[in-house]
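See below for the structure under consideration.
Reckoned from all heavy atoms, side chains included, excluding hydrogens, waters and symmetry mates. Count residues from 1 along the sequence.
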Amino acid sequence: MENSQAVQTGFLEANGARFYYEVTGEGEPLLLIHGFNLDTRLWDAQMEEFAKSYKVVRFDIRGFGKTLATETPFTVYDDVKAVLQGIGIDKAHVVGLSFGGMVAQEFALAYPQMVSSLILVSAGLFDHPRSEQRLHDVERFNQVCQTGTTAEALEMTGQMWFDGPEQPVNEQAAKARELFLQMTEHAFSLPEFGAGFTALSPSPRERLEEIKAPTLVIAGERDYIEFLQIADELAGRIAGAQKVILPDSAHIPPMDQPEVFNKLVLEFLAQSTVRTS
């Protein structure tokens, strides 16, 4: 069907914070959760396409984008619940990237009745060890932050997460790479994330078998090796989970391979809707 839906934007006050959100389209609700040091713009290449079939929601996590940090104790999975319910949504398909994928796991465990299906993209996993390559790159990044310029720190972030470790600059997705750097630069200007934050306990890694929602796991072959290992663990321990590795993606498939990513997600959602109807 044609998408002629306007985008509703606004701020929603809940849990001691003021959350920026956007809603567009009609159909079953579909929630998009961005990653660390990113914001709603991560999903710019998804909103219009997904809104042709779904009511799409994206929001800025507390402390990122247009949602200001607070000193109030909080959990992100409770914030997700508050945002959805504040918009009038009781159940949604949930897509999360990186840190957002970790939040999606928490949300699926804390509020399983609110999750129609789960799509975990380049997802982290609490307590999973970091690779030697990533530890080395983070050490170099910290040195650049201390002794280099903001531009140098931003470019290294792009190399690590958008291009992928030891990969050439992704010129084929130059516009998306620039947007990634803009989001990162904005995040650098914000207070350091973490004040008041608490993760789900016991952690999702101890409870993955409890996730019953239809699940798709996506990872990029050019990403750090631990995210491929995490994809294996998620797919192996969540009953019935499907796994897809994108050979030409690094850590940010919705931006570096949007057409491939969108097709993959929409096909999975159509399948999961049939299975659960």
Side-chain angles (χ1 to χ4, degrees), residues 33-38 42 61 64 76-77 94-109 118-145 153 155-170 173 177 180 183-184 187 192-194 197 199-211 215-238 241-257 260-261 264-265:
I33 309 176
H34 67 77
F36 198 82
N37 278 352
L38 301 174
L42 164 68
I61 292 173
F64 296 106
V76 185
Y77 59 87
V94 179
V95 184
L97 178 133
S98 194
F99 176 70
M102 298 166 76
V103 172
Q105 295 166 47
E106 291 186 313
F107 185 65
L109 288 165
L118 197 58
I119 302 177
L120 305 174
V121 189
S122 307
L125 187 61
F126 289 105
D127 302 324
H128 192 282
R130 295 183 176 187
S131 65
E132 288 298 320
Q133 175 74 64
R134 186 175 171 195
L135 290 171
H136 172 73
D137 287 352
V138 168
E139 183 178 348
R140 286 199 305 125
F141 174 75
N142 289 336
Q143 290 173 350
V144 169
C145 288
E155 180 56 28
M156 186 168 180
T157 303
Q159 291 170 3
M160 291 170 64
W161 299 111
F162 195 89
D163 307 326
E166 299 185 338
Q167 295 290 329
V169 172
N170 188 342
R177 191 181 194 273
F180 173 83
M183 286 188 284
T184 305
E192 185 174 355
F193 179 83
F197 169 74
L200 181 69
S201 181
S203 78
R205 197 175 191 194
E206 300 176 40
R207 306 171 55 189
L208 290 176
E209 288 79 6
E210 295 177 30
I211 295 176
T215 300
L216 172 64
V217 178
I218 301 172
E221 196 169 291
R222 298 178 180 178
D223 203 353
Y224 287 99
I225 188 64
E226 64 260 45
F227 291 100
L228 297 168
Q229 295 167 346
I230 289 169
D232 287 342
E233 184 167 350
L234 293 171
R237 293 181 56 197
I238 298 174
Q242 302 176 36
K243 183 186 74 173
V244 176
I245 303 301
L246 300 178
D248 297 324
S249 277
H251 195 64
I252 320 288
M255 297 186 75
D256 69 20
Q257 293 268 282
V260 174
F261 177 81
L264 193 58
V265 168

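- One N or O on the side chain of Gln105 and one on the backbone of Gly124 form a donor-acceptor pair closer than 3.5 Å.
- With contacts defined as side-chain heavy-atom distances shorter than 4.5 Å, the pair Leu234/Thr215 does not qualify.
- For Arg237, the salt bridge (charged side-chain N to carboxylate O under 4.0 Å, His left out) test picks out Glu209, Glu233, with sequence neighbours left out.
- You'll find the side chain of Leu246 reaches within 4.5 Å of the side chain of Leu264, heavy atoms only.
- In this structure, the side chains of Val138 and Leu135 stay at 4.5 Å or more apart for every pair of heavy atoms.
- Take Arg134 and apply the side chain to side chain donor-acceptor pair (under 3.5 Å) test, not counting sequence neighbours, and it matches Glu226.
- Side-chain contact between Pro253 and Leu97 is present, with at least one heavy-atom pair separated by less than 4.5 Å.
- Residues satisfying the salt bridge (charged side-chain N to carboxylate O under 4.0 Å, His left out) test with Glu221, not counting sequence neighbours, are none.
- Scored by the salt bridge (charged side-chain N to carboxylate O under 4.0 Å, His left out) test, Glu210 finds Arg207 as partners (sequence neighbours excluded).
- Atoms CZ and CG, from Phe227 and Leu125 in turn, are 10.0 Å apart once rounded to the nearest 0.5 Å.
- Closest approach of Ala104 and Leu120 over heavy atoms only: CB-CD2, 3.8 Å.
- Going from atom OG of Ser131 over to atom CG of Asp223 covers 9.0 Å, rounded to the nearest 0.5 Å.
- In plain terms, the two heavy atoms of Ala250 and Ser122 that are nearest each other are O-OG, 4.1 Å.
- The structure places CE of Met255 at 15.0 Å from CH2 of Trp161, a figure rounded to the nearest 0.5 Å.
- Smallest separation of non-hydrogen atoms from Phe141 and Ala153: CE1-O, 3.5 Å.
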Gln257 vs Asn170, test: side chain to side chain contact (heavy atoms under 4.5 Å, CB included). Steps then yes/no.
CA-CA 11 Å; Gln257 293 268 282; Asn170 188 342; over 6 Å; no

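- Here the closest non-hydrogen pair linking Ala123 and Gly101 is CB-CA, 4.1 Å.
- Of all the heavy atoms in Pro165 and Asp137, the pair that sits closest is CB-OD2, 4.0 Å.
- No donor-acceptor distance shorter than 3.5 angstrom exists from the side chain of His251 to the backbone of Tyr224, with no hydrogens or angles considered.
- Between Phe180 and Phe162, the ring planes are tilted. Angles from 30° to 60° get that label.
- A donor-acceptor contact shorter than 3.5 Å links the side chain of Glu106 to the backbone of Leu200.
- Annotation for Asp163 and Arg177: closest pair OD2-NH2, 2.7 Å, computed over non-hydrogen atoms.
- Among residues two or more places apart in sequence or in another chain, the salt bridge (charged side-chain N to carboxylate O under 4.0 Å, His left out) test is passed with Arg222 by Asp248.
- Rounding to the nearest 0.5 Å gives a distance of 5.0 Å between CG of Leu228 and CD1 of Ile225.
- Not counting sequence neighbours, Phe261 has no partner by the ring pair (Phe, Tyr, Trp, His ring centres under 6.0 Å) test.
- Judged by distance alone, the side chain of Asp256 and the main-chain N or O of Ala173 form no donor-acceptor pair under 3.5 Å.
- Contact annotation: the side chain of Val76 never approaches that of Ile33 to less than 4.5 Å [non-hydrogen atoms, C-beta and beyond].
- Here the side chains of Glu166 and Gln133 are in contact, with some heavy-atom distance below 4.5 Å.
- A distance of 12.5 Å separates CG in Leu42 from CZ in Phe64, rounded to the nearest 0.5 Å.
- Rounded to the nearest 0.5 Å, atoms CZ (Arg140) and CE (Met160) are 8.0 Å apart.
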